[in-house]
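Start at 1 with the first residue, then count along the sequence. These numbers come from a predicted model, not from an experiment.
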Amino acid sequence: MTALIAENFVPLLFVGLFVFLLLGIPVAFGLAATGLLFGFIGIEVGLFPANMFGALPLRVFGIMSNDTLLAIPFFTLMGIILERSGMAEDLLETVGQVFGPLRGGLAIAVILVGALLAATTGVVAAAVISMGLISLPIMLRYGYNRTIATGAITASGTLAQAIPPSLVLIVLADQLGRSVGDMYAGALLPGLLLVGTYLLFIVAIAFIKPSWVPALPPEARIYRESNGASGHKSLLLLLLIAGAAGWLWSTVHDSMLKKVMERPNAAPGDEIFIMSMTVASFLALGLALMNKALRLGLLSKLAERVTFVLIPPLVLIFLVLGTIFLGVATPTEGGAMGAVGALLMALLRGRMSLKTLNQALDSTARLSCFVLFILIGSTVFSFTFNAADGHFWVESLFKSLPGGALGFLIVVNILIFVLGMFIDFFEIAFIVIPMIAPVAEKLLPELLPGVPTDAVMIWFGVIVAMNLQTSFLTPPFGFALFYLRSVAPKKDYKDRVTTKTIPAVTTAQIYKGSIAFIILQVIMVSVIIAKPELVIGGLTKTEKLDDAAVLEQLQGLGGRDERQDETPSPDGAASDPLAPAPAASEAFDPMAGLLEAVKKDGSAEKK
């Protein structure tokens, strides 16, 4: 019996965890109980030394003193304060008025606001519930197709998993042992592309099935000028001026930052994008404030409303991400700055009370404790798992799969996709990722030869984050579906504006609405796998040196080798250091050969 347990210890460990979870024990305590129980069993059967758990308290203390994890409560507090201050309601109303005259405009507004809420609140429940309470009744009132309406709300609410600053990216960076800033930089472009994919899908629906996504009727457009104009021209002019300022900044950003920060390398594209957007946002806000203070009347009601509602949270996001990308602040410091900025925004808008602050702090403490308890439990479990050489067992399991490193990547994504149907992303990040991370670090560099391992693991982390996003949409236990179900009308009701009877939204319609967006997310994951430069394009750039710089560096390595001076001559005497050097035809000069090769490569590259 002892030999049988020793030979199959790792599979039995997983069976034990499965049993604990089926018994209804909370995940954090189930993980810790499994690790401790099987650790003591391993000691009894002679697999582990009797003092194995002596180092466990140090591991737990290391978790509690991890500076990276401090970013979680800061970003959570920032998001909850912004959500409690009514930002979601204002954004949905304002952006809905901007795009309402277009077919599909309400769905486009929901997706854009969902992306903005993802970057500010970072909480899926808050985003889905807010948009479900505000946007869904309006969509139903004006005849939107129910699967499109519910799908747009649930999918845009889950963008909080993939768009920086995301709690999922922080946790994945910690579990993979990589930089949170690099993870944010790697996820920025894929996250924006996913938003663009959603928007293109709505635009395609507007052309193919225009009756599914009707435009807002004229009587529903509330921001009009005294002459009846919509105010879109004024808004477009302000956007063009701000966009031009952002473009001009992008052309000088690199040269200015090199002088100010004295750094030799060129600025990455994500940094230039964020800082250019920051400049454009500040300019638009400044012009709107000047117009209002001086009563110039140059901006329409719609343009002013968009500026004062949309720009402040955008500025906050860009400042947080910009300081992180510039290296001025760590993610923890950036989160603290974001929390302070959210508090100031809520105070300036008159929507911060002691009760609201108390609720925000309470929710932040609950979520932070939830994450840390799961992390401690997973640490206890992985402690026993690693002591039993479980990572070698997992590696042997995946090495036997066909397809090598690519096969491993595909199977891992399928596994995470299936697990996401049943358990939360935190459990997946804390249970599955620590087991497969060592295998991924060993196998995946084969797929990207010449790319640093850190960049490869960032690529892997972004793929996992995109995949984890689908866990909120996949039936039967997609949390975003449950959140929308909790606020969607369960019975027929009479609309207060049109006085028409609106049929209830069924659970089947909510599930059906998520299918198209799940497919879009799977396509995006496939694109990131096929095009890793979308993630690592800004992480692997190195400064190129010209031929003269190479010569200078090579000549600075020490000049002539002293051992050559001591080489005896053919007649047995020591060579004369004052004798002339042999001609090129008589001796091979390795330095000349190397320089010649460098020059050939340089000329070939110029051609």
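Contact detail for Ala360 and Thr364: the closest heavy-atom pair is O-OG1, 2.8 Å. In this structure, Val128 and Gly157 approach most closely via the heavy-atom pair CG2-CA, 3.7 Å. The nearest pair of heavy atoms linking Val462 to Pro190 is CG1-CG, 4.1 Å. For Gly341 against Leu316, the heavy-atom pair with the smallest separation is CA-CD1, 3.8 Å. Annotation for Ala405 and Glu446: closest pair CB-OE1, 3.9 Å, computed over non-hydrogen atoms. Contact detail for Val110 and Met139: the closest heavy-atom pair is CG2-CE, 3.6 Å.
Each of Leu448, Leu447, Leu443 was compared with Val456 under the side chain to side chain contact (heavy atoms under 4.5 Å, CB included) criterion, and only Leu448 meets it. When the options Ile163, Val320, Leu321 are evaluated for a side chain to side chain contact (heavy atoms under 4.5 Å, CB included) with Tyr184, the one that passes is Leu321.
Sparse packing is recorded around NZ of Lys531, with 12 or fewer heavy atoms of other residues, nucleotides or ligands lying under 6.0 Å away. More than 12 heavy atoms of other shown residues, nucleotides or ligands fall within 6.0 angstrom of atom CZ in Phe14.
Aromatic pair Tyr198/Phe517: centroids less than 6.0 angstrom apart. Centroid-to-centroid, the aromatic rings of Phe53 and Phe48 stay 6.0 Å apart or farther.
The shortest distance between side-chain heavy atoms of Thr158 and Thr470 does not fall below 4.5 Å. Between Tyr483 and Thr154, the closest side-chain pair of non-hydrogen atoms is not below 4.5 Å. Side-chain atoms of Leu484 and Leu136, non-hydrogen and from C-beta on, do get closer than 4.5 Å to each other. Between Leu176 and Met183, the closest side-chain pair of non-hydrogen atoms falls below 4.5 Å. Two residues are said to be in side-chain contact when any heavy atoms from C-beta on lie closer than 4.5 Å; Thr197 and Ile523 fail this criterion. With contacts defined as side-chain heavy-atom distances shorter than 4.5 Å, the pair Ile72/Val171 qualifies. Put simply, the side chain of Phe430 reaches to within 4.5 Å of the side chain of Val371, judged on heavy atoms. Within the 4.5 Å cutoff, side-chain heavy atoms of Phe273 are placed close to those of Leu192.
A side-chain donor-acceptor contact under 3.5 Å links Glu333 to the backbone of Thr330. When atom types are taken as modelled, the side chain of Ser526 and the backbone of Val522 share a donor-acceptor pair closer than 3.5 angstrom. Although no hydrogens or angles enter the test, the distance criterion places no donor-acceptor pair under 3.5 Å between the side chain of Asp174 and the main chain of Ile170. With hydrogens and angles ignored, the 3.5 Å screen pairs a side-chain donor or acceptor of Asn145 with a backbone N or O of Ile148. A donor-acceptor pair under 3.5 Å is formed between the side chain of Ser156 and the backbone N or O of Ile153. Checked by atom type and distance alone, the side chain of Asn467 never pairs as donor or acceptor with a backbone atom of Ile416 at under 3.5 Å. In this structure a side-chain-to-backbone donor-acceptor pair under 3.5 Å is present from Trp459 to Ile528.
No donor-acceptor contact under 3.5 angstrom links the side chains of Gln509 and Thr147, judged on distance only.
A salt bridge does not link Asp182 with Arg178: none of the charged nitrogens is closer than 4.0 Å to a carboxylate oxygen.
Expressed to the nearest 0.5 Å, how far CZ of Phe373 lies from OG of Ser378 amounts to 13.0 Å. Separation of atoms CD1 (Ile519) and OG (Ser514) is listed at 9.5 Å; rounding is to 0.5 Å. Interatomic distance, Cys369 SG to Ile376 CD1, rounded to the nearest 0.5 Å: 9.5 Å. The line from CG of Leu37 to CG of Leu17 is 11.5 Å long, rounded to the nearest 0.5 Å. Put simply, CG on Leu357 and CD1 on Ile81 are 6.0 Å apart, with the number rounded to the nearest 0.5 Å. Atom CG of Leu409 sits about 10.0 Å away from atom CD1 of Ile414, to the nearest 0.5 Å.
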Kindly determine whether Leu367 and Phe370 satisfy side-chain contact (heavy atoms from CB on, under 4.5 Å), including the steps that lead there. CA-CA 5 Å; Leu367 181 61; Phe370 165 74; 4.0 Å; yes

Would you please test Leu112 and Leu199 for side-chain contact (heavy atoms from CB on, under 4.5 Å) and show each step? CA-CA 8 Å; Leu112 291 176; Leu199 294 176; 3.9 Å; yes

Could you walk me through whether Val535 and Leu189 satisfy the side-chain contact (heavy atoms from CB on, under 4.5 Å) test, starting with their C-alpha distance in whole Å, then the side-chain angles of each, then the deciding distance to 0.1 Å, before giving a yes or no? CA-CA 7 Å; Val535 175; Leu189 181 57; over 6 Å; no

Is there a side-chain contact (heavy atoms from CB on, under 4.5 Å) between Val315 and Leu319? Walk through the geometry before answering. CA-CA 6 Å; Val315 168; Leu319 283 178; 3.8 Å; yes

